[in-house]
There are 2 protein chains.
Amino acid sequence: MALVNPTLQTPVTTADKVFQQMLHAIVEGHIAAGSKISEPELAKQYQISRSTLREALNRLEKCHLIERKPNIGSKVVECTIEGLLEIYVVRESLEGMACRQAAIYMTDQEINEMKDMLTQHASMQALKEGTAYYQEEGDLDFHYKVILGSHNQQLINILCGQLYHLVRMYRCQFGMNSPRASKAFDEHSRIIEAIADRDGELAEMLMRRHIAASRKNIENKIAEKQQQN
Amino acid sequence: MALVNPTLQTPVTTADKVFQQMLHAIVEGHIAAGSKISEPELAKQYQISRSTLREALNRLEKCHLIERKPNIGSKVVECTIEGLLEIYVVRESLEGMACRQAAIYMTDQEINEMKDMLTQHASMQALKEGTAYYQEEGDLDFHYKVILGSHNQQLINILCGQLYHLVRMYRCQFGMNSPRASKAFDEHSRIIEAIADRDGELAEMLMRRHIAASRKNIENKIAEKQQQN
DNA sequence: ACCATAAAAATTGTCGACAATATATAGATT
DNA sequence: AATCTATATATTGTCGACAATTTTTATGGT
């Protein structure tokens with residue numbers, strides 16, 4: 001029930017279905033990052049015409065998962081360290097604001113649901129005596145809920161509809177940018193507290209620190225790796 | 001030489017050209033906000049096939065200027081007060097961060113160019129003995145420059161490639177959300193100062209206040225209008 | 001007169017073919 | 001042998017036609 005982007009519509013047209021299949025394939029790396037996309041080849045592979053494949057490609061482009069140059073073709077985006085850090089900067093900014101708005105606009109029911117989710121995650125974390133679950137789906141669930149809690153359609157579209165596909169792609173392919181399990185959980189609780197207190201200013205600050213901490217964590221890992229060489 | 005989105009590629013394919021024409025038409029209201037888009041009709045109007053028109057529509061959708069429902073069709077987005085306020089929230093967040101990044105990454109040359117631009121705007125403002133120029137193109141130029149100064153491709157894409165088309169659309173159609181001329185100019189100078197001082201924290205704060213002030217200005221006008229009725 | 005149903009018209013989605021452009025191959029020249 | 005040019009191949013862009021779906025209109029019943 002997790003790892004599913006909340007803005008993803010249920011596919012109705014064939015282009016929709018192929019889009020979602022390709023989305024999955026790109027995020028998981030089955031279609032390699034940076035690789036060129038051959039329209040005739042993929043059309044044959046999915047057993048659809050080139051037109052509908054192009055329709056699917058257009059949606060992937062909308063998510064910033066592929067890039068297109070006129071008369072030349074499409075490429076899957078590359079996963080670079082710089083790209084990852086750029087995404088963190090945007091997330092820090094936007095999710096911080098989303099959190100501030102959530103403190104204003106989330107209903108009491110939504111807040112309670114989020115609290116329930118967190119306790120549920122806590123038990124799961126204990127159950128698995130590890131942090132695997134929380135590192136993966138749980139973290140995303142939390143962030144999605146906050147974003148939706150902003151009740152701001154622009155924020156929701158940009159974050160869930162675009163940026164978070166890339167977030168998941170980087171998480172699958174780099175691996176190193178999963179949440180720092182133990183600390184992340186505490187940070188999440190504090191953020192929910194601030195939202196429940198309707199303290200938007202604090203909520204924004206905490207979310208920004210939460211994301212900035214992840215970014216710095218990665219920057220450190222990078223630095224370590226570079227020292228080894 | 002302003003009012004031109006810096007991320008807009010020079011059109012190469014016919015779909016590109018039609019896209020830019022329609023972009024212009026929607027922003028200026030020649031294609032009415034909220035109106036339904038008839039593919040056959042527009043294809044005939046632009047003298048292209050429906051396929052290439054659909055290609056253009058896909059790009060408009062990427063800019064969030066039209067919305068599409070499967071098997072039903074496309075509509076131009078509506079200009080609502082709520083929608084405008086949502087955009088301001090996102091701008092406050094993202095442009096604030098862009099400004100912080102600009103203080104880090106802008107080159108000295110870029111900063112000088114921006115200073116030059118501002119003095120040029122000042123003289124124009126005096127020349128026209130009004131604030132028309134600055135209210136329109138000048139303000140956009142300034143904000144574009146800051147955004148580009150972030151050197152963050154994600155920020156640039158989201159702001160220039162998507163959000164600012166909507167900003168311009170609202171400005172054309174509502175009119176009331178143009179910059180508060182006299183104050184805006186001073187605020188712009190202070191922001192540039194902060195960037196030149198490489199004070200990212202201050203730069204972000206000033207930009208956020210600058211945009212928040214515009215938003216509050218609109219909220220007040222709305223409130224006034226509602227009191228009249 | 002109103003509502004439900006069925007037929008007709010219009011609109012969107014998908015397909016295959018052709019045109020325009022870019023890439024790869026072969027040949028000629030120095 | 002290397003470089004430039006010309007040809008051939010492959011890929012992307014555009015077109016018109018058909019299929020599937022939705023909207024409108026017409027019809028009949030209460």
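Every chain is numbered from 1 and lettered A, B, ... according to where its sequence line falls, protein lines coming before strand lines. Just so it is clear, the values below take in all heavy atoms, side chains as well, and ignore hydrogens, waters and symmetry mates.
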Worksheet item: What class does the angle between the rings of His151(B) and Tyr105(B) fall in, given that below 30° is parallel, 30 to 60° is tilted and above 60° is perpendicular?
Response: parallel

Worksheet, complete the sentence: Protein-proximity profile, nucleotides 14-25 of chain D, B/S/- by nucleotide at the 4.0 Å heavy-atom cutoff, equals BBB----SSS--

Produce the list of close N/O pairs, under 3.5 Å, pairing protein atoms with atoms of nucleotides 8-10 of chain D; give distances to one decimal.
none

Worksheet item: Which pairs, with at least one residue in residues 151-164 of chain A and sequence neighbours excluded, count as a salt bridge (Lys or Arg N to Asp or Glu O under 4.0 Å)?
Response: none

Fill in: Rounded (10°) bend between the five-pair end axes of the helix from dA1(C)-dT30(D) to dT30(C)-dA1(D)
10°

Worksheet item: How close or far is atom C1' of dT11(C) from atom NZ of Lys69(B), stated in whole angstroms?
Response: 16 Å

Identify each donor-acceptor pair in which a side-chain atom of residues 13-27 of chain A lies under 3.5 Å from a protein atom, sequence neighbours left out, and give them as a table.
unit_1: Asp16(A); atom_1: OD1; unit_2: Arg59(A); atom_2: NH1; d: 2.0
unit_1: Asp16(A); atom_1: OD2; unit_2: Val12(A); atom_2: N; d: 3.3
unit_1: Asp16(A); atom_1: OD2; unit_2: Thr13(A); atom_2: N; d: 3.3
unit_1: Gln20(A); atom_1: NE2; unit_2: Gln9(A); atom_2: O; d: 2.8

Discussion item. I want to check something: taking the side chain as every heavy atom from C-beta on, are Asp139(B) and His188(B) in contact at a cut-off of under 4.5 Å?
Written reply: yes

Worksheet item: Closest heavy-atom contact between Ser150(B) and Ala98(B)?
Response: CB-O, 3.6 Å

Worksheet item: Which pairs count as salt bridge (Lys or Arg N to Asp or Glu O under 4.0 Å) when at least one residue sits in residues 148-163 of chain A, sequence neighbours excluded?
Response: none

Discussion item. Does a side-chain N or O of Lys36(A) approach OP1 or OP2 of dT12(D) to a distance below 4.0 Å, or not?
Written reply: yes

Item to complete: Could you tell me whether Leu57(B) contacts a base, only the sugar-phosphate backbone, or nothing, with contacts defined as non-hydrogen atoms closer than 4.0 Å?
Response: nothing

